[in-house]
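Worksheet: one structure, shown below.
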Amino acid sequence: MTVTQNLARVRADIDDACLSAGRDPGEVRLLPVSKYHDAAAIREAHAAGYVLFGENKVQELVAKADELGPEGIGFAVIGHVQTNKARDVARVATEVQSLDSLRLAEALQRRLEAADRRLPVLVQVNTSGESAKSGIRPDEAVEVARALSSFDRLDARGLMTMAVNSPDEGEVAACFRLLVDAQARIRDAVGGGWDELSMGMSGDFRVAIREGSTCVRIGTAIFGPRPAA
Ligand SMILES: *Cc1c(COP(=O)(O)O)cnc(C)c1O
């Protein structure tokens, strides 16, 4: 299967999951995750109509953005960002889905002011409780959301999470429900907005769509297994 064929199949599966859940397929965007895959694979997906790609390492994102940005291809950060990488992110990222501390927000704000840019951001929430995963705790969501309103270079659009990696669909759904619940509490506190819920990957996007996802981040099902490091 080619990348183009995989994209068509995954998009059809997303549409199908939306219809089964009684949702409009137009509510769920597909973010292809291109980490570890080369420019040729990304160009193929771009030719199929995709303009934004997920990357989890800043160094790789910078290299790809510098190469492919001039062709109209943008990149969303989906992995943990160290504050000393904030300048690179502020310079080249199109979106940040993995904002996981106010310290990072401050660093991005400062670098974005210098670059005279703004960035859409999603706050990553650790809904699985696993220490290997980044994100704020669900009970910190309201406090972080309130604090973010003072960073005028960051356009807070919503929340992102990774569910527990488990064959038990109930456990996976419980993670996604914690994100929906955090969104509801934020909206109550700040009076609306925060519409985006980025949740769902190759193995669990159907569950995520059932629970209310508006953005699924899909790597393996589109680009194939990641090359061994
Ligand atoms: C790699 C990655 C994905 C995509 O995972 P697949 O299982 O390959 O679809 C999604 N979200 C994040 C944060 C990732 O790091």
Side-chain angles (χ1 to χ4, degrees), residues 1-3 5-14 17 28-38 41-42 44-45 48 50 52-65 74-82 85 89 93-101 104 119-136 138 157-169 171-173 175-176 178-179 182 196-229:
M1 295 280 269
T2 65
V3 166
Q5 289 168 326
N6 288 338
L7 276 165
R9 192 197 62 239
V10 168
R11 186 62 242 187
D13 287 349
I14 292 167
V28 181
R29 69 173 164 133
L30 166 57
L31 178 69
V33 174
S34 52
K35 63 187 186 199
Y36 308 127
H37 291 281
D38 63 12
I42 297 170
E44 184 178 346
Y50 290 83
L52 186 66
F53 295 85
E55 288 286 337
N56 71 336
K57 293 206 171 66
V58 174
Q59 206 180 336
E60 192 174 339
L61 175 135
V62 167
K64 286 174 172 170
F75 292 89
V77 184
I78 60 171
H80 177 66
V81 177
Q82 291 177 299
K85 298 276 169 53
V89 170
T94 300
E95 174 180 279
V96 173
Q97 295 208 347
S98 47
L99 186 72
D100 57 8
S101 72
L104 176 59
L119 262 190
V121 297
L122 306 184
V123 173
Q124 183 172 358
V125 181
N126 183 339
T127 55
S128 70
E130 294 167 295
S131 58
K133 294 197 167 91
S134 319
I136 63 166
R157 300 261 173 97
L159 303 173
M160 182 272 253
T161 200
M162 290 173 89
V164 64
N165 185 6
S166 163
D168 181 340
E169 238 180 55
E171 282 180 29
V172 171
C175 292
F176 296 145
L178 281 177
L179 200 69
E196 185 104 87
L197 289 176
S198 176
M199 53 190 205
M201 321 200 323
S202 294
D204 59 14
F205 70 87
R206 289 175 193 78
V207 183
I209 287 170
R210 219 181 295 141
E211 299 300 333
S213 173
T214 65
C215 174
V216 292
R217 310 175 308 270
I218 313 276
T220 316
I222 294 168
F223 295 106
R226 288 179 268 284

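Whatever order the structure lists ligands and atoms in, that order sets their numbers, starting from 1. Throughout, residue positions are numbered sequentially from 1 according to the sequence presented. Everything quoted here is computed from the prediction, not taken from an experiment.
For atom 13 (C) of ligand 1, the nearest protein heavy atom (residue, atom name, distance) is Ile78 O, 3.4 Å. Among all protein heavy atoms, the one lying closest to atom 8 (O) of ligand 1 is Thr220 OG1, 2.5 Å. Scanning the protein for heavy atoms near atom 5 (O) of ligand 1, the closest one is Met201 CE, 3.7 Å. Protein heavy atom closest to atom 11 (N) of ligand 1, with residue, atom name and distance, is Arg217 NE, 2.8 Å. Looking only at protein heavy atoms, the nearest one to atom 9 (O) of ligand 1 is Ser202 OG, 2.5 Å. Looking at atom 2 (C) of ligand 1, its nearest protein heavy atom turns out to be Lys35 NZ, 2.6 Å.
Considering all non-hydrogen atoms of both residues, Glu211 and Ala173 come closest at OE2-CB, 3.7 Å.
With sequence neighbours excluded, no residue forms a side-chain contact (heavy atoms from CB on, under 4.5 Å) with Gln59.
No hydrogens or angles considered: nothing links the side chains of Ser98 and Gln124 as a donor-acceptor pair under 3.5 Å.
Taking every heavy atom of Ile218 and a limit of under 4.0 angstrom, the matching atoms of ligand 1 come to 9 (O). Set against the non-hydrogen atoms of Gly219, the atoms of ligand 1 under 4.0 Å away are 4 (C), 6 (P), 8 (O), 9 (O).
Taking CD1 from Ile14 and SG from Cys215, the interatomic distance works out to 9.0 Å, rounded to the nearest 0.5 Å.
Between Arg29 and Glu95 there is a salt bridge, since at least one side-chain N of the basic residue sits less than 4.0 Å from a carboxylate O of the acidic one.
Considering backbone and side-chain N/O of Ala221, none are found under 3.5 Å from N/O of ligand 1.
Between Phe223 and His37, the ring planes lie parallel to each other; the angle is under 30°, not in the 30° to 60° tilted range.
The list of ring pair (Phe, Tyr, Trp, His ring centres under 6.0 Å) pairs with a residue in residues 197-220, not counting sequence neighbours, is empty.
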